[in-house]
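Read the structure below first, then the notes.
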Amino acid sequence: MYSPAVIEHFTNPRNIGYIEDATVAVQYGEPSCGDCLLVFLKIDNDILREMKYKVLGCAAAIATASMTSVLATDRSVAEALELTESEVAEALGGLPPDKMHCSNLAVGALKAALRVYLSRQEQAAEQSS
Ligand code: FES
């Protein structure tokens, strides 16, 4: 059912955990199944230096969160916002059709956190002008 890469990332997830001094942290849920993810980003000079997460979800949710963190790390904020669910699924050798929605969780959480970061940046720029 799952590709070898999905099984490998599920059993050995990369970058799992917290970032104490995260630039931004958000909680994000997948309404269709109730799974959720806490994501922590460390951003320096508009580069995503580190992504960590805690996930409460299925095997595919864990594997896609792991792969999302690998693919997003060291991208600029703009590049990280372009990461897609299909890119994550492809990097994992594909997901079963009924599990494709699971890749929405981590990618959605990443983008929600990046939008919070950008909104704070805008607010800070407005306050200083
Ligand atoms: Fe909920 Fe996979 S079943 S994210």
Side-chain angles (χ1 to χ4, degrees):
M1 179 175 175
Y2 286 124
S3 72
V6 169
I7 293 167
E8 208 283 312
H9 275 263
F10 165 59
T11 53
N12 181 27
R14 318 301 196 270
N15 301 311
I16 205 157
Y18 297 95
I19 301 177
E20 290 284 333
D21 60 341
T23 310
V24 62
V26 300
Q27 181 173 348
Y28 189 86
E30 172 59 47
S32 65
C33 63
D35 290 349
C36 71
L37 192 133
L38 265 175
V39 66
F40 305 85
L41 303 181
K42 188 74 181 168
I43 300 171
D44 181 30
N45 283 329
D46 275 348
I47 303 291
L48 177 51
R49 297 289 178 202
E50 196 175 10
M51 171 180 166
K52 289 199 177 266
Y53 55 90
K54 286 288 190 181
V55 57
L56 182 65
C58 67
I62 294 167
T64 52
S66 174
M67 183 54 82
T68 299
S69 72
V70 169
L71 293 175
T73 300
D74 290 332
R75 286 190 183 203
S76 68
V77 168
E79 289 167 343
L81 274 167
E82 287 173 7
L83 184 65
T84 64
E85 290 84 352
S86 17
E87 201 177 337
V88 171
E90 251 175 55
L92 286 166
L95 288 169
D98 65 332
K99 288 290 179 181
M100 277 305 288
H101 76 277
C102 303
S103 59
N104 299 344
L105 187 63
V107 174
L110 169 66
K111 291 186 179 185
L114 290 169
R115 283 192 288 270
V116 169
Y117 168 76
L118 288 173
S119 150
R120 285 184 191 158
Q121 294 289 98
E122 278 176 25
Q123 283 175 1
E126 280 171 20
Q127 284 168 1
S128 66
S129 63

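Counting starts at 1 for both ligands and their atoms, following the listed order.
- Minimum heavy-atom separation, Leu114 to Ala80: CD1-CB, 3.6 Å.
- Looking only at distances, no side-chain donor or acceptor of Ser103 sits under 3.5 Å from a matching main-chain atom of Val88.
- Listed for the Ser66 side chain is a donor-acceptor partner under 3.5 Å among the backbone atoms of Arg14.
- Protein atoms that are N, O or S and lie under 2.8 Å from atom 2 (Fe) of ligand 1 are these: Cys58 SG, Cys102 SG.
- The salt bridge (charged side-chain N to carboxylate O under 4.0 Å, His left out) test with Arg75 singles out one residue from Glu50, Glu82, Glu87, and that residue is Glu87.
- Counting all heavy atoms, side chain and backbone alike, Ile43 lies closest to Thr23 at N-OG1, 2.8 Å.
- Thr68 contributes a side-chain N or O that, together with a main-chain N or O of Thr64, makes up a donor-acceptor pair within less than 3.5 Å.
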